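Read the structure below first, then the notes.
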Amino acid sequence: MADCSTARRLRVTGRVQGVGYRDWATGAARSLGLSGWVRNRSDGSVEALASGSQEAVEAFIVACHQGPALARVTDVAVQDAEAPAERGFVFLPTV
């Protein structure tokens, strides 16, 4: 099981909706053993919560600056966060 010692909330901006970003982020997070979620926001950004070992969370943040092939990320804002109550990485509805 992942060590949930680190949790970060990310707000990814740029061309990140309609390009498979959430699917890509879910796969990336799961491959790193992270827990959390990803969702679109009505302002066109993508928001994610990633929790796990510090190394895995940092690797996810670095990867989110690139995203999937069709994405054009302009910024990834990162904040400390509380770890999610549930294990696993899931989609949440758009807010």
Side-chain angles (χ1 to χ4, degrees):
M1 292 179 67
D3 168 19
C4 290
S5 60
T6 300
R8 302 285 187 265
R9 184 180 302 256
L10 288 69
R11 177 69 69 91
V12 186
T13 53
R15 190 174 79 191
V16 293
Q17 290 190 15
V19 296
Y21 200 98
R22 289 178 300 163
D23 285 332
W24 171 86
T26 299
R30 288 177 178 167
S31 73
L32 290 165
L34 298 174
S35 293
W37 47 260
V38 62
R39 66 183 170 195
N40 283 340
R41 297 193 54 93
S42 58
D43 65 2
S45 67
V46 169
E47 184 178 27
L49 174 67
S51 177
S53 71
Q54 182 175 349
E55 296 79 15
V57 171
E58 293 301 322
F60 181 70
I61 293 168
V62 168
C64 283
H65 282 86
Q66 181 66 39
L70 295 177
R72 296 295 174 259
V73 176
T74 57
D75 189 48
V76 178
V78 180
Q79 299 178 334
D80 289 340
E82 293 292 321
E86 307 269 331
R87 294 275 184 189
F89 201 90
V90 299
F91 279 71
L92 292 181
T94 300
V95 294

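Predicted model only: the values in this text are computed from it and were never measured.
Taken from CD in Glu47 to CZ in Arg39, the straight-line distance is 4.0 Å, to the nearest 0.5 Å. For the atom pair CH2 (Trp37) and OG (Ser51), the distance works out to 12.0 Å, reported to the nearest 0.5 Å. Summarising the geometry, atom CZ belonging to Arg8 is positioned 7.0 Å from atom CD belonging to Gln54; distances are rounded to the nearest 0.5 Å.
Minimum interatomic distance between Val16 and Gly44 (heavy atoms only, all atoms of both residues): CG2-O, 3.5 Å. Shortest non-hydrogen contact noted between Val57 and Thr6 is CG2-O, 3.7 Å. Between Glu86 and Ser35, the shortest heavy-atom contact is O-CB, 3.9 Å. For the pair Ser45 and Gln17, the tightest heavy-atom approach, listed with the atom from each and the gap, is O-NE2, 2.7 Å. When all heavy atoms of Arg30 and Phe89 are compared, the closest pair comes out as NH2-O, 2.7 Å. When all heavy atoms of Tyr21 and Val12 are compared, the closest pair comes out as OH-CG1, 3.6 Å.
By the criterion of side-chain heavy atoms lying less than 4.5 angstrom apart, applied directly or through intervening Ile, Leu, Val, Met, Phe, Trp or Tyr residues, Leu10 is not grouped with Phe91; the two fall into different hydrophobic clusters. Both Leu49 and Val90 are part of a single hydrophobic cluster, where members link through side-chain heavy atoms under 4.5 Å apart.
Ile61 has its side chain within reach of His65: a pair of non-hydrogen atoms, C-beta onward, lies under 4.5 Å apart.
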*Does the side chain to side chain contact (heavy atoms under 4.5 Å, CB included) test come out yes or no for Arg41 and Thr94, once each step is laid out?*
CA-CA 5 Å; Arg41 297 193 54 93; Thr94 300; 5.7 Å; no
*Determine, step by step, whether Phe60 and Ser31 satisfy the side chain to side chain contact (heavy atoms under 4.5 Å, CB included) criterion, reporting the C-alpha distance in whole Å, the side-chain angles of both residues, the deciding distance to 0.1 Å, and the verdict.*
CA-CA 10 Å; Phe60 181 70; Ser31 73; over 6 Å; no
_Set out, in order, the CA-CA distance, both residues' side-chain angles and the distance that settles side chain to side chain contact (heavy atoms under 4.5 Å, CB included) for Asp75 and Arg11, then state yes or no._
CA-CA 8 Å; Asp75 189 48; Arg11 177 69 69 91; over 6 Å; no
